[in-house]
Amino acid sequence: MEQEQAIGAKRVWESVKLYTVKCAKCSKWRLIPTKEKYEEIRERIVERSFLCDTARAWRPSVSCNEESDVKQDDSFLWAMDKPRIPQTPPGWQRILRIRAEGGTKFADVYYVTPSNKRLRSMVELSRYINEHPHLCEGVNISQFSFQPPVPLDEKYIAKRARSTTHDTSSTPAAGFMMLSLDSPERETFNDGLPSRWFVQTTEKMPAEGAVAADDD
DNA sequence: GCCACCGGTGGC
DNA sequence: GCCACCGGTGGC
């Protein structure tokens, strides 16, 4: 039997590095330790408000009296995520890729299948499920959502290809990211933004992987 | 040659 | 007007 050797070969790089959710009571940001936990919270945030108390499950000492885990300043790129996105089925990955600043879109969502195939849309997904029933037992399309987050800083996206040719040294959006969830209390944000999830990245990163090594 | 990334567009 | 979908392509 061939192992999953091939799986490690393809590197799938998630833009989001950090996840945070806002306490519905004190409005402070609490970091979420894992993507899995974050997805669990995100799925049910509307029904179950997130509180600092919730974070005690992994951080017993935390309370509303403590300072926010993260400051909402511009050292990060923040994006609002959507609630009710289903938890990713076991064996699959839901990947968020943030695009470079100044483009026409903010982010792409895709799923990586148990056989390490990258799917870009519901069309591709349902085709895959049909063609690989043995890999997709107990899985159906209601468990998937390609809904991307939106940038908190709307200037991140160029509204449209404009005549103004700005020669930005367009930095790759790759960086440390933080995905965070606002409290679900109010239904409308400032300009009727639909939900209150956020993603953050740090400032510019030189390039993917460039930082890691001191060379050799 | 592959595939990550981006823009175009058709359907709503 | 928006956005889901997918084709093109540039960089590896």
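Below, chain A is the first sequence line, B the second, and so on; all start at residue 1.
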What's the CG-P distance between A:Leu125 and C:dC5, to the nearest Å? 10 Å
Gap between atoms NZ and P, on A:Lys105 and C:dC2 respectively (whole Å): 13 Å
Looking at residues at least two apart in the chain, or sitting in another chain, which of them share a salt bridge (Lys or Arg N to Asp or Glu O under 4.0 Å) with A:Glu131? none
Atom CZ of A:Phe106 to atom P of C:dA4: distance rounded to whole Å? 15 Å
When you measure from the side chain of A:Thr54 to the backbone N and O of A:Phe50, does any donor-acceptor pair fall under 3.5 Å? no
Distance check needed: C:dC5 P versus A:Asp108 CG, whole Å only. 12 Å
I need the CD1-C1' distance between A:Ile98 and B:dC6, as an integer number of Å. 14 Å
Is any NZ, NE, NH1 or NH2 atom of the basic residue among A:Lys22 and A:Asp69 found under 4.0 Å from an Asp or Glu carboxylate oxygen of the other? no
A:Lys82 NZ to C:dC3 C1', in whole Å, measures 11 Å
Whole angstrom is fine here: how far is it from CD1 in A:Ile157 over to C1' in C:dC3? 12 Å
Aromatic ring proximity, centroids under 6.0 angstrom, A:Phe146 and A:Tyr110: no
Can you tell me the distance, in whole Å, between the CD atom of A:Glu14 and the C1' atom of B:dC5? 16 Å
Tabulate below the donor-acceptor pairs under 3.5 Å that side-chain atoms of residues 132-139 of chain A make, not counting sequence neighbours, or state none.
none

C:dC6 phosphate, OP1 or OP2, under 4.0 Å from A:Ser121 side-chain N/O: yes
Less than 3.5 Å apart, any donor N or O on the side chain of A:Thr113 or A:Tyr128 sitting next to an acceptor on the other? yes
Strictly under 4.0 angstrom, non-hydrogen atoms only: write out the protein contact profile of nucleotides 7-12 of chain C, one letter per nucleotide from the 5' end, B, S or -. B-----
Check the phosphate of B:dC5 against A:Arg97, side-chain N and O only, distance under 4.0 Å to OP1 or OP2. Yes or no? yes
